[in-house]
Amino acid sequence: MPFSDYKTALVTGASSGIGAAVVERLRRENIEVHAVARSAEALQQLAARTGCVAHVIDVTDRQAMAELARRVEFDILVNNAGVDRPKKFLEADEGDIDLIVDVNLRAVLHICRLVVPGMVARDRGHVINISSIAGAYNFGGNSSYHATKAGVSMLSNQLRIDAFGKRVRVTEICPGRVATDIFNHVHGDDPSIRERFIDGFELPQAADIADAIAFAIAAPVAVNIGHMEITPTLQVMGGLQTAKPQPSAKPDQSAAAKTDQSGEPSP
Ligand SMILES: NC(=O)c1ccc[n+]([C@@H]2O[C@H](COP(=O)([O-])OP(=O)(O)OC[C@H]3O[C@@H](n4cnc5c(N)ncnc54)[C@H](OP(=O)(O)O)[C@@H]3O)[C@@H](O)[C@H]2O)c1
């Protein structure tokens with residue numbers, strides 16, 4: 001369905017990274033975009049820059065999300081808000097598990113509950129769920145994160161069945177490492193975090209993910225792009241090794257020497 005058939009979008013986790021890039025991309029298509037996150041200042045700046053409608057809401061606030069879903073008929077829903085905690089499962093505390101489940105999975109389920117029935121009734125809609133390669137592969141990340149992203153992945157498959165017979169499309173976007181601030185949000189603001197996860201790597205940018213989402217939305221209505229796994233070219237799953245490109249391949253500077261398999265975070 002071309003963009004012109006859609007009028008409104010809800011994007012969660014819009015204050016930074018992939019969410020902010022999706023808002024920018026959808027605004028370029030003249031979609032009325034409702035941007036949800038907790039950081040008021042970042043959202044206000046995004047609204048000033050793009051003309052989106054900012055909503056300072058925690059996605060786990062069911063009442064506030066229900067009120068928003070009651071007021072606006074959404075054609076596009078982008079479930080993007082996500083969190084992680086760096087701890088291994090054997091060291092996990094109660095709060096970490098609750099937070100990861102509440103934001104990454106429970107909120108996604110409730111927002112779908114609030115929005116998808118309207119799409120089905122109108123015979124028009126597109127749900128984009130941002131999962132992660134963590135939902136499909138093991139690489140020693142936080143097990144709660146892996147579990148919630150696998151849940152989002154299965155939900156995406158199942159939603160298509162629940163909406164079967166109507167023109168409601170469901171796309172799961174499954175990113176590997178993307179150059180966003182998620183690593184600082186997960187591990188803290190120490191400059192070494194950027195160096196460890198971003199600097200020197202060739203990574204997809206948030207705008208690349210937004211472009212992939214736009215491609216799925218712009219496809220003809222007869223076409224449902226169900227799943228897109230988007231990784232850096234220089235990243236593989238299955239042990240998850242991430243390589244820095246080396247201009248001169250001295251043996252001790254080879255890609256293998258630069259791999260980092262210790263305590264990989266979310267992506
Ligand atoms: N970057 C990667 O490498 C990567 C890889 C695979 C999957 N992903 C997934 O992609 C999505 C976006 O990640 P990103 O890289 O763009 O990370 P990010 O820059 O940390 O953005 C996360 C967004 O989620 C929002 N958020 C967190 N908790 C929230 C809550 N309770 N209510 C509302 N909003 C909340 C944050 O806004 P506030 O703090 O302002 O609320 C922020 O806008 C996540 O689901 C992540 O798991 C990312």
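All residue numbers refer to positions in the sequence shown, counting from 1. Every number for a ligand or one of its atoms is a count from 1 in the order of the listing.
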At less than 4.0 angstrom from any non-hydrogen atom of [X], what atoms of ligand 1 do you find?
{"X": "Phe183", "result": "3 (O)"}
{"X": "Ile18", "result": "10 (O), 16 (O)"}
{"X": "Val83", "result": "27 (C), 28 (N)"}
{"X": "Ala14", "result": "43 (O)"}

Using heavy atoms and a threshold below 4.0 Å, how should the contact between [X] and ligand 1 be classified: side chain, backbone, both, or neither?
{"X": "Ala107", "answer": "neither"}
{"X": "His185", "answer": "side chain"}
{"X": "Val103", "answer": "side chain"}
{"X": "Phe197", "answer": "neither"}
{"X": "Asn104", "answer": "neither"}
{"X": "Asp58", "answer": "both"}

List the steps and the verdict of salt bridge (Lys or Arg N to Asp or Glu O under 4.0 Å) for Arg167 and Asp123. CA-CA 5 Å; Arg167 296 181 184 88; Asp123 192 22; 2.5 Å; yes

Taking the six-membered ring of Phe183 as reference, does the cationic atom of Arg177 (NZ for Lys, CZ for Arg) lie under 6.0 Å from its centre and within 45° of its axis?
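Yes, cation above the ring, under 6.0 Å and within 45°.
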
Output field: ring centroids His146/Tyr137 closer than 6.0 Å
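Ring-ring flag for His146/Tyr137: false, centres at least 6.0 Å apart.
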
Acceptor/donor pairs from residues 109-121 side chains to any protein atom, 3.5 angstrom cut, sequence neighbours excluded:
| from | atom 1 | to | atom 2 | distance (Å) |
| --- | --- | --- | --- | --- |
| His110 | ND1 | Arg113 | NE | 3.1 |
| His110 | ND1 | Arg113 | NH2 | 3.2 |
| His110 | NE2 | Arg62 | NE | 3.4 |

Against ligand 1, does [X] come closer than 4.0 Å with any heavy atom?
{"X": "Gly176", "result": "yes"}
{"X": "Ala206", "result": "no"}
{"X": "Ile57", "result": "yes"}
{"X": "Thr12", "result": "no"}

Any ion pair linking Asp93 and Lys87 (charged N to carboxylate O, less than 4.0 Å)?
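Salt bridge: yes.
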
Less than 3.5 Å apart, which donor and acceptor atoms pair up between the side chains of residues 203-213 and the rest of the protein, not counting sequence neighbours?
| from | atom 1 | to | atom 2 | distance (Å) |
| --- | --- | --- | --- | --- |
| Gln205 | NE2 | Leu203 | O | 3.1 |
| Asp208 | OD2 | Gln205 | N | 2.7 |
| Asp211 | OD1 | Arg25 | NE | 3.1 |

Would one find more than 12 heavy atoms of other residues, nucleotides or ligands at under 6.0 Å from atom CD of Glu91?
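Counting other residues, nucleotides and ligands, CD of Glu91 exceeds 12 neighbours.
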
| said: Can you confirm whether more than 12 heavy atoms, excluding those of Glu73, are under 6.0 Å from its CD atom? | reply: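 For Glu73, atom CD is not crowded (no more than 12 foreign heavy atoms under 6.0 Å).
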
| request: May I ask you to decide if the ring planes of Phe197 and His187 are parallel, tilted or perpendicular, using 30° and 60° as cut-offs? | output: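 The rings of Phe197 and His187 lie parallel, inter-plane angle below 30°.
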
